[in-house]
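Bear in mind that the values here come from a model prediction, so they are computed numbers and not experimental data.
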Amino acid sequence: MVLFFDVDGTIWDYKNYIPESTIEGIRKARKNGHKCFINSGRARAHIKHKDLLGIGFDGIVSACGCMIEYGDEVIFNKLLTRDECIRTVETIGRYGFKPILEGPKYLYMEYEDFKDDMYGMKVMTEMGDRRLGIKDNWGNWEINKLSCDTNGSDKESCFKELEDLYDVMLHTENICEMVPKGFNKGTGIEKVCELLGEDIKNTIAFGDSINDKEMLITANVGIAMGRASEDAKKYANDVTDYLENDGIYKALEKYNII
């Protein structure tokens with residue numbers, strides 16, 4: 001089997017707490033011959049925490065299917081062109097969006113945009129020198145996708161102006177992800193199976209939020225975490241226990257993975 005795990009709200013909570021049972025379950029699954037992949041909306045630059053990577057994975061699908069690694073090799077990477085990047089940043093700037101441009105090596109965001117935002121400050125602290133300014137690196141961004149704070153802006157008009165480039169996911173009224181059209185966590189699963197010659201019938205995915213929708217639908221078995229959004233649960237085949245109540249471990253046992 002090939003197993004795909006979302007990170008935030010699935011492997012760990014908002015404090016980056018990972019249950020020991022999750023670590024044990026994933027390691028047992030790999031020992032039993034199953035391949036385990038991270039499948040995250042985070043760009044690769046933001047997947048670097050030693051506790052997360054220390055669990056041990058066969059590969060990483062990042063940026064909602066835009067980048068795929070297997071072992072130590074990058075086997076697929078969809079980047080926005082320079083012209084697409086500039087058009088995007090100029091357009092969202094006109095509408096007052098506060099963006100985080102997400103790429104394989106860096107996140108680009110302005111301190112002034114997020115200095116009063118708890119999550120934004122957490123991201124900047126985590127990124128350290130992998131966080132660069134947008135203005136300071138004008139036109140030289142290397143990015144797969146972006147996320148935006150849209151508070152107080154005309155979201156619909158902006159999305160319409162860029163609809164030829166992006167599929168948009170709304171996490172809350174004021175937070176969105178903008179992913180290149182045709183890419184999502186589900187296409188990430190399909191691409192992994194294609195590149196590895198695996199049958200998609202032999203896949204299980206774990207997720208908790210709306211950006212896991214396509215992953216939960218695409219995998220042969222989609223499992224939502226106990227605290228998953230109702231949107232995620234309705235697209236899943238099964239719902240396991242809460243993250244902190246050994247939800248992943250229990251599901252791996254239930255499906256005879258461990």
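For residues 235-258, there are no ring pair (Phe, Tyr, Trp, His ring centres under 6.0 Å) pairs, not counting sequence neighbours. Counting only residues at least two apart or on different chains, the ring pair (Phe, Tyr, Trp, His ring centres under 6.0 Å) pairs with a member in residues 39-64 are Trp12-His49.
Between Asn211 and Gly41, the closest heavy-atom pair is ND2-CA, 4.0 Å. For the residue pair Ser229 and Ser209, the shortest heavy atom distance occurs at OG-CA, 3.9 Å. Of all heavy-atom pairs spanning Ala63 and Asn144, the tightest one is CB-CB, 3.6 Å.
Contact check for Leu52 versus Ile38: side-chain heavy atoms found under the 4.5 Å cut-off. Looking at heavy atoms from C-beta onward, Ile175 lies out of side-chain contact with Cys148 at the 4.5 angstrom threshold. Looking only at side-chain heavy atoms (C-beta outward), Leu3 and Ile257 come within less than 4.5 Å of each other. Side-chain contact between Leu243 and Thr10: absent, with no pair of heavy atoms (C-beta onward) separated by less than 4.5 Å. Under the 4.5 Å side-chain criterion, counting only non-hydrogen atoms from C-beta, Val2 is in contact with Phe37. Counting heavy atoms from C-beta outward, Ile223 and Val239 have side chains that stay 4.5 Å or more apart. Residues Ile92 and Cys158 meet the side-chain proximity criterion, which asks for heavy atoms closer than 4.5 Å. Counting only heavy atoms from C-beta outward, the side chains of Glu177 and Cys64 approach each other to under 4.5 Å.
Side chain of Asp246 to backbone of Lys250: no donor-acceptor contact under 3.5 angstrom is found. Put simply, the side chain of Arg44 gets close to the backbone of Ile47: a donor and an acceptor are under 3.5 Å apart. Between the side chain of Asn220 and the main chain of Asn202, no donor-acceptor pair closer than 3.5 Å is present. Side-chain atoms of Lys213 do not come within 3.5 Å of backbone N or O of Gly186 as any donor-acceptor pair. For the pair Asp13 (side chain) and Gly9 (backbone), a donor-acceptor distance under 3.5 Å is absent. Between the side chain of Asp154 and the backbone N or O of Ser157 there is at least one donor-acceptor pair closer than 3.5 Å. With Lys233 contributing its side chain and Gly226 its backbone, the two residues share a donor-acceptor pair below 3.5 Å. A donor-acceptor pair under 3.5 Å links the side-chain atoms of Asn237 to the main chain of Gly222, judged by distance alone. Checking side-chain atoms of Asp58 against main-chain N and O of Tyr70 turns up no donor-acceptor pair under 3.5 Å. Between the side chain of Thr22 and the backbone N or O of Ile18 there is no donor-acceptor pair closer than 3.5 Å.
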Subject >> Residue pair Lys160, Glu156: steps toward the salt bridge (charged side-chain N to carboxylate O under 4.0 Å, His left out) verdict >> reply: CA-CA 6 Å; Lys160 186 167 184 59; Glu156 297 308 316; over 6 Å; no
**OP:** Using the salt bridge (charged side-chain N to carboxylate O under 4.0 Å, His left out) rule, take Glu198 and Lys35 through it: C-alpha gap first, then chi angles, then the decisive distance, then the call.
**Re:** CA-CA 10 Å; Glu198 296 282 355; Lys35 292 184 175 69; 3.3 Å; yes
Original post:
After noting the C-alpha distance and the side-chain angles of Arg42 and Asp8, does the key distance pass the side chain to side chain contact (heavy atoms under 4.5 Å, CB included) rule?
Top reply: CA-CA 9 Å; Arg42 291 180 179 228; Asp8 298 287; 2.8 Å; yes
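With sequence neighbours excluded, the residues forming a side chain to side chain contact (heavy atoms under 4.5 Å, CB included) with Lys254 are Asp238, listed by chain and number. Every side chain to side chain contact (heavy atoms under 4.5 Å, CB included) that Ala205 has, sequence neighbours left out, goes to Phe4, Ile189, Met215, Ala219. The side-chain hydrogen bond (donor to acceptor under 3.5 Å, both in side chains) check on Asp164 picks up Arg87, with sequence neighbours excluded.
Phe114 CZ: more than 12 foreign heavy atoms inside a 6.0 Å radius.
In this structure, Glu161 pairs ionically with Arg94, as a charged nitrogen and a carboxylate oxygen lie closer than 4.0 Å. Between Lys234 and Glu230 there is no salt bridge, since none of the side-chain N atoms of the basic residue sits less than 4.0 Å from a carboxylate O of the acidic one. A salt bridge links Lys185 with Asp6: at least one charged nitrogen is closer than 4.0 Å to a carboxylate oxygen. We find that Arg227 and Asp208 are not joined by a salt bridge, their nearest charged nitrogen and carboxylate oxygen being 4.0 Å or further apart.
In summary, the side chains of Thr150 and Tyr95 do not present any donor paired with an acceptor at a separation below 3.5 Å, with no hydrogens or angles considered. No hydrogens or angles considered: nothing links the side chains of Asp83 and Thr81 as a donor-acceptor pair under 3.5 Å. Counting only N and O atoms by type, the side chains of Asn16 and Glu126 include a donor and acceptor under 3.5 Å apart. Between Asn39 and Asp212, the side chains place no donor N or O within less than 3.5 Å of an acceptor N or O (distance only, hydrogens not considered).
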Show which side-chain atoms of residues 98-105 pair as donor or acceptor with protein atoms under 3.5 Å away, not counting sequence neighbours.
{"from": "Glu102", "atom 1": "OE1", "to": "Lys145", "atom 2": "NZ", "distance (Å)": "2.9"}
{"from": "Glu102", "atom 1": "OE2", "to": "Lys145", "atom 2": "NZ", "distance (Å)": "3.0"}
{"from": "Glu102", "atom 1": "OE2", "to": "Ser147", "atom 2": "N", "distance (Å)": "3.1"}
{"from": "Glu102", "atom 1": "OE2", "to": "Ser147", "atom 2": "OG", "distance (Å)": "2.5"}

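Ring orientation note: the planes of Phe206 and Phe5 are close to parallel, at an angle under 30° on the 30°/60° scale.
Side-chain heavy atoms closer than 4.5 Å link hydrophobic residues (I, L, V, M, F, W, Y) into clusters, and following such links, even through other members, never connects Leu165 to Met169. Under a hydrophobic clustering in which Ile, Leu, Val, Met, Phe, Trp and Tyr are joined whenever their side-chain heavy atoms come within less than 4.5 Å, directly or via other members, Leu79 and Ile134 fall into different clusters. Under a hydrophobic-cluster definition in which Ile, Leu, Val, Met, Phe, Trp and Tyr are linked whenever side-chain heavy atoms come within less than 4.5 Å, directly or via other members, Val168 and Leu162 are assigned to the same cluster. Taken together through direct or relayed side-chain contacts under 4.5 Å among Ile, Leu, Val, Met, Phe, Trp and Tyr, Ile200 and Met1 form parts of separate hydrophobic clusters. There is a path of hydrophobic side-chain contacts, each under 4.5 Å, that joins Trp141 to Leu80.
Phe97 CZ to Leu146 CG: the interatomic distance, rounded to the nearest 0.5 Å, is 9.0 Å. Atom CE in Met109 sits 11.5 Å away from atom CG in Leu132 (nearest 0.5 Å).
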